[in-house]
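What you see below is based on every heavy atom in this structure, not just the backbone, and it leaves out hydrogens, waters and symmetry mates. Residues take their numbers from the sequence shown, with the count starting at 1.
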Amino acid sequence: MLIKTGNNFGVRYLRRGSLGALIGARIGQAMLAIFGASVIVWMLVPLAPGDPATRILQARGVENPHPLEIAAMREELNLDKPLVNQYFLWLGRALQGDLSVSYQSGKPVLTEIVARLPATVLLAFVALGLAVTLALTAAVLSAAFYEKPPDRLIQFLTQAAAAMPAFLLGLLLLQFITVGYGFGRVVSSSSLSDVWLPAFCLSIGRAAEWTQILRANLLEALEAPYTLVAYARGASRWRVLLSYALPNALLPFLTAVGVGVGGLLGGAAIVETVFSWNGIGSYAVSAIGARDLPVVQGFVMVTTLIFVATNLLVDLMSALVDPRLREPKTV
C-alpha cells in the first residue's frame, strides 16, 4: 500500500511495511551468502590433492591402508557418490551440527570448535571494545584539532598502524612488552588476565581504519548547516562536535564496525598463533599445516555464519535508526 505525501519539491511515496520488506530482503541476502559459502567450503575436500579416505586412515595409524580399507572408507564418507549428491549429504549433516571428524584427532570438528570458541569470542570482544574506544577517541581529537599538531600526529599513527602486519606487531609486543617488561605471558592461558596484549594487537588495524572513517564523517558534519547554526548561536567547537556532529556521524561508523567484525575474526587466526592463544584461529592454522580439511571447513563455515549474522544485525539496526535506509520512493 502506498501513502502519498506532498511537499514543495515533489511527491513522496512511502511504502507501508517497508521495514518488513527490508528485513525480508536482508534475510534473503544472508541466506544466499551462507549457501554460496557452503558450496565453496564443501569444495575444499573434492578439489584438494590426495584422497581424503587415505588421509583419514593414515591419521588413524594405518600407514599403508589396503585398497579394501580405502574403498570402505570412501563408502563411509559418501565419496563414491556423484559430487552433487555428496554436497547435499554434507549440507544435510552440517545443518544438523555434524561437520565431520578431524583427520588428526578423530574427534568431531564441531566439538573441537565449540571447546575453543569461548577463547576466540573473549579475544574478539575485547579487541572490538578496544578498537571502538581508540577510534572514537582518536577521531574526535583529530576533528577537534583539525590540521593542527594533534591531528597530524593521529593521522601519522593511524597510517602506520594500518600498514603494520598483525604478526609483526604481535612479535614486537612479545619482545618489548612481555619479555622486556614482564607484562603478559609468552604462552598465554587464554584467559581474561592474558587477553590485553593479543586484543590490542588484533584491534589496532581496525581502530586505524575506523578512525579515518569517523574523522571524515565528523569533518563533513562540522560543515553542515545545522552545525553552522549552532556556531551562530554561540556554541563552542567541542559542544558542536559532541552534541551535533558526532551523533550524525555515527551511523556510517557503526556500519564499518559491523563489517569489521569479520576482519577481527579473520585476523584472530594470526594473532592467536603468535600469542599461543587456544582459540579456533590457532586451531585452524594448525589444521592447515596438517591438511586437516574438515577442521578448515568447519572454521570457515562458523566464521562465515558469525560474519553474516553480524552484518545482518547491523543492517537492521541501521534501518531502525535511519528511516532513509528503508528506501522510500520519490517521484
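By the side-chain hydrogen bond (donor to acceptor under 3.5 Å, both in side chains) test, Arg239 pairs with no residue at all, sequence neighbours left out. Scanning for side-chain hydrogen bond (donor to acceptor under 3.5 Å, both in side chains) contacts around Thr158 gives Gln212, with sequence neighbours left out. Under the salt bridge (Lys or Arg N to Asp or Glu O under 4.0 Å) criterion, Glu112 pairs with Arg116, sequence neighbours left out.
Counting heavy atoms from C-beta on, the side chains of Leu123 and Leu202 come closer than 4.5 Å. You'll find the side chain of Ser100 stays beyond 4.5 Å of the side chain of Gln297, heavy atoms only. Proximity of Val296 to Asp292: side-chain heavy atoms (C-beta onward) are nowhere separated by under 4.5 Å. A heavy-atom distance below 4.5 Å is found between the side chains of Phe253 and Leu250. Counting heavy atoms from C-beta on, the side chains of Gln86 and Trp42 come closer than 4.5 Å.
For Gln29, the CD atom is densely surrounded, since the number of other residues' heavy atoms within 6.0 Å is greater than 12. Atom CD of Glu69 has more than 12 heavy atoms from other residues, nucleotides or ligands within 6.0 Å. Heavy atoms of other residues, nucleotides or ligands lying less than 6.0 angstrom from NZ of Lys107 number 12 at most. Taking a 6.0 Å sphere around CZ of Phe176, one finds it holds 12 or fewer heavy atoms contributed by other residues, nucleotides or ligands.
Of the possible donor and acceptor atoms, one in the side chain of Ser38 sits under 3.5 Å from a partner among the backbone N and O of Phe35. Looking at Ser102, its side chain never comes within 3.5 Å of a backbone N or O of Val295 through a donor-acceptor pair. The main-chain N or O of Leu134 is never found under 3.5 Å from a side-chain atom of Thr137 such that the two would form a donor-acceptor pair. Using a distance-only test at 3.5 Å, with no hydrogens or angles considered, a donor-acceptor pair links the side chain of Thr227 to the main chain of Ala221. Using a distance-only test at 3.5 Å, with no hydrogens or angles considered, no donor-acceptor pair links the side chain of Asn85 to the main chain of Lys81. Checking side-chain atoms of Ser243 against main-chain N and O of Val240 turns up no donor-acceptor pair under 3.5 Å.
Both Ile288 and Val302 belong to a common hydrophobic cluster when Ile, Leu, Val, Met, Phe, Trp and Tyr are linked at side-chain heavy-atom distances under 4.5 angstrom.
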- Full working for side-chain contact (heavy atoms from CB on, under 4.5 Å) between Leu83 and Tyr87: CA-CA 6 Å; Leu83 289 178; Tyr87 166 72; over 6 Å; no

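For the 3.5 Å distance criterion, the side chains of Thr120 and Tyr283 fail to qualify, holding no donor opposite an acceptor.
Shown here for Glu272 and Ile280, the closest heavy-atom pair between the two residues is OE1-N, 3.6 Å. What you find for Ile204 and Cys201 is that their closest heavy atoms are CG2-O, 3.6 Å.
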